[in-house]
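Everything below concerns the one structure shown next.
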Amino acid sequence: MSSASDPLVALAGLPGVADSVDSVRKAVDRVYGHRVMRRRSGEITSEAALRGARGSAALSGADWALEEVRRRTDFGAEPEALTVGAALRLTAEAGQLLSIWRQSPLRVLARLHLVAVGSTAEGDVVGRPRLAGEPVVEPLVEAPLPSADEVAGRLDGLSRLVIAGGSAPALVTAAVVHGELLALRPFGSYNGLVARAAERIVLINSGLDPKAICPAEVGHAEQGADAYLAAFDGYLSGTAEGMAAWIAHCGRAIELGVRESTAVCEALQRGAA
């Protein structure tokens, strides 16, 4: 598919994006080459999932310490606990949906929302895009909501891009999936968590991070909500400069996730974790 017919490939050609793609690739290669990965990759994957869930929840208003997330078993009715529980479930579920993503991304998104809502699900509003007039509860993001008709059309377009595949770098595809879902907020709740889980799925499924050890959610949280929203404003602008800034922000998030997992590798190597 040529860049003229593939908007993702066109985005990859924006100024600075190639540098972000290259920097991410080198960072990922370094952590995959760590000697601990040869023997204890499963432990790194599990720890990355936990830390990724914590980071995603933090951006959705539940900024808990890592040890609190690790320790807790009750994620009941209190709003922050529900958010952390949803993030943990989504991170666990993402790895189970890889084979479905390229064939039916909308089905995966519906499943992610169902998993996020969990046992609190009520009625038929869960797991489907919102209808006209239905409210959206979404911490952090205050951008105007697209109409239900626009949501349906743009979700269909996003689905077609994913199914078509193409040669765009994983970082670009992941950033667009993340940004578009955050812009649309297609569900009544947990859209930020779902958007970041979908980003995770793209990074794993693309082969960039097959063992899920580079939690971009960690990096998004580490850069902070203000930087996240500023970069997202670039995505919403639709300008070349804004899109490139959003992609670069997502790339930096992956690199910070790599740094986190590298630290875990080092700790395991020292016998301290």
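Throughout, residue positions are numbered sequentially from 1 according to the sequence presented.
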Sole residue of S23, C250, S206 in side chain to side chain contact (heavy atoms under 4.5 Å, CB included) with L171:
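Of the listed options, the one satisfying the test is C250.
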
Mind checking what makes side chain to side chain contact (heavy atoms under 4.5 Å, CB included) contact with [X], not counting sequence neighbours?
X    : answer
R71  : E68
V136 : R130, E138, L145, R185, N191
A94  : R200, I201

Fill in: Residue list, side-chain hydrogen bond (donor to acceptor under 3.5 Å, both in side chains) with Y32, at least two apart or on another chain
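Residues passing side-chain hydrogen bond (donor to acceptor under 3.5 Å, both in side chains) with Y32: D209.
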
Please say yes or no: joined through hydrophobic side-chain contacts below 4.5 Å, possibly via intermediate residues, are [X] and [Y] part of one cluster?
X    : Y    : value
W101 : L114 : yes
V218 : L193 : no
V108 : I204 : yes
L256 : I213 : no
I100 : L112 : yes

ask   = Any ring pair (Phe, Tyr, Trp, His ring centres under 6.0 Å) pairs touching residues 158-185, not counting sequence neighbours?
value =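 For residues 158-185: H178-H220, H178-Y228, H178-W246.
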
How far does [atom1] of [X] sit from [atom2] of [Y], to the nearest 0.5 angstrom?
X    : Y    : atom1 : atom2 : answer
E43  : S261 : CD    : OG    : 12.5 Å
I44  : C265 : CD1   : SG    : 4.0 Å
L109 : L158 : CG    : CG    : 7.5 Å
L59  : E222 : CG    : CD    : 11.5 Å
L11  : M243 : CG    : CE    : 4.5 Å
E47  : R51  : CD    : CZ    : 4.0 Å

Note, [X] side chain near [Y] side chain (heavy atom, < 4.5 Å):
X    : Y    : result
R30  : K26  : yes
V177 : E199 : no
E266 : R270 : yes
C214 : V31  : yes
L155 : P186 : yes
R102 : I163 : no
H34  : Q269 : yes

Salt bridge present between [X] and [Y] (N-O < 4.0 angstrom):
X    : Y    : value
E67  : R70  : yes
R154 : E150 : yes
E260 : R54  : no

To check you understand the geometry: which heavy-atom pair defines the closest contact between [X] and [Y], and what is its length?
X    : Y    : value
A87  : A57  : CB-CB, 4.0 Å
L8   : A168 : CB-CB, 3.5 Å
R72  : A81  : NH2-CB, 3.8 Å
P105 : S159 : CG-OG, 3.4 Å
L236 : A183 : CD2-CB, 3.6 Å

Other members of the hydrophobic cluster containing F75, with the 4.5 Å side-chain heavy-atom rule, please.
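Grouped by the 4.5 Å side-chain rule, L50, W64, L66, V69, V84, L88 form the rest of the cluster around F75.
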
Might you work through the side chain to side chain contact (heavy atoms under 4.5 Å, CB included) test for L140 and F232, ending with a clear yes or no?
CA-CA 11 Å; L140 190 63; F232 177 57; over 6 Å; no

(message) If you count heavy atoms of other groups shown closer than 6.0 angstrom to CD of E142, is the number above 12?
(response)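 Open.
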
